[in-house]
Amino acid sequence: MVYCVEDDSSIRDLMIYTLKASGFDAMGFESDEGFWDAMRQTCPEMVILDVMLPGQDGLTILQKIRSTPVWADIPVIMATAKDSEYDKVIGLDSGADDYLAKPFGMMEMVSRIKAVLRRSGNKKKVVITNGRLVLDESRHTVSYDGKQLMLTLKEYELLKLFMENTGQVFTRDNILSAVWGMDFVGETRTVDVHIGTLRTKLEEAGDLIQTVRGVGYKMEAAGE
């Protein structure tokens, strides 16, 4: 799946048509509105971002993608004005994998997408397991005993934190910082609520997430 964020409907429609004709699944967005909802539902293989957008601009969207753990490795191509070297430099420095200078040809776009996907495909894809609980980072899925579980983004990030650090005790502040970010403004009760819903969704595996009284939470290894 390729997400195209482009406010010019004629260009966006042509991009979507070309991508589908080239064998890709693709969805288009006029602005960040709707894009973030789609990102929370399904992580794409690639995002193409126009720099100049209504609402959040492309560079702001890119920075949010790169600062969110579950999205950080998604390849991003920035579409920039032909003569704007500044946008190209800022985009690459902010974590873009490549850029397209407008106006660009559709075949050039497809070629660059394929090249970036080849490079990103060489990155190690991680599958984390704890007993019958499996988290697949490449597919952004969680399953228990072979059945896929439907988690929200924060529940997924919370589970990933625990599964990557089995046996380690985290305070609520540790969890807030790791999952919600250093700039999160809220109560530690947020952690307790999410732990509760996560345990329920994990079914029997929910018992692996244990409360450490007076400290926080940890995940035990299955079988212990």
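In this chain, residues are counted from 1 in sequence order. Predicted, not measured: the structure shown is a model, and the values here were computed from it.
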S.K.: Calculate, to the nearest 0.5 Å, the distance between atoms CG and OG1 belonging to L208 and T166 respectively.
M.R.: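 Reported value, rounded in 0.5 Å steps: 8.5 Å.
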S.K.: Provide the closest heavy-atom pair for C4 versus L19 in the form atom of the first, atom of the second, distance.
M.R.: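 For C4 and L19, the tightest heavy-atom pair comes out as SG-CD1, 3.5 Å.
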S.K.: If we ignore angles and hydrogens, is there a donor and acceptor under 3.5 Å between the side chains of D173 and T171?
M.R.: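 There is no such pair (donor and acceptor under 3.5 Å, judged by atom type) between the side chains of D173 and T171.
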S.K.: E33: what forms a salt bridge (charged side-chain N to carboxylate O under 4.0 Å, His left out) with it, not counting sequence neighbours?
M.R.: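 So E33 forms no salt bridge (charged side-chain N to carboxylate O under 4.0 Å, His left out) with any residue.
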S.K.: For the pair R119 and D97, find out whether any cationic side-chain nitrogen is under 4.0 Å from an anionic carboxylate oxygen.
M.R.: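 Answer for the salt bridge query: no.
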S.K.: Are the side chain of R132 and the backbone of Y144 linked by a donor-acceptor contact shorter than 3.5 Å?
M.R.: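 Such a contact is absent between R132 side chain and Y144 backbone.
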S.K.: R12: what forms a salt bridge (charged side-chain N to carboxylate O under 4.0 Å, His left out) with it, not counting sequence neighbours?
M.R.: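 Listed in chain order: nothing, the list is empty.
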S.K.: For the residue pair Y217 and F162, does the interplanar ring angle fall in the parallel (under 30°), tilted (30 to 60°) or perpendicular (over 60°) class?
M.R.: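 Geometry flag for F162 against Y217: perpendicular rings.
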S.K.: Please enumerate all residues that pass ring pair (Phe, Tyr, Trp, His ring centres under 6.0 Å) together with Y3, with sequence neighbours excluded.
M.R.: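 Checked Y3 against ring pair (Phe, Tyr, Trp, His ring centres under 6.0 Å); matches are F29.
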S.K.: Using a strict 4.0 Å threshold on nitrogen-to-oxygen distance, state whether K218 and E220 make a salt bridge.
M.R.: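 Answer for the salt bridge query: yes.
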S.K.: Is a donor from one side chain sitting under 3.5 angstrom from an acceptor on the other, for N174 and S177?
M.R.: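 The answer is no; no qualifying pair exists.
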S.K.: Closest heavy-atom contact between M163 and N130?
M.R.: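 Smallest heavy-atom distance, with atoms named: CE-N, 3.8 Å.
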S.K.: Are there more than 12 heavy atoms of other residues, nucleotides or ligands under 6.0 Å from atom CD of E204?
M.R.: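 No, the 6.0 Å shell around CD holds no more than 12 heavy atoms from other groups.
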S.K.: So, N165 side chain and Q168 main chain: donor-acceptor pair closer than 3.5 Å or not?
M.R.: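 Absent.
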S.K.: Looking at L135, is its backbone amide N or carbonyl O close enough to the side chain of K160 to form a donor-acceptor pair, meaning the two atoms are under 3.5 Å apart?
M.R.: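 No, K160 side chain to L135 backbone: no donor-acceptor pair under 3.5 Å.
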S.K.: Might you work through the side-chain contact (heavy atoms from CB on, under 4.5 Å) test for L133 and L202, ending with a clear yes or no?
M.R.: CA-CA 8 Å; L133 186 62; L202 293 182; 3.9 Å; yes
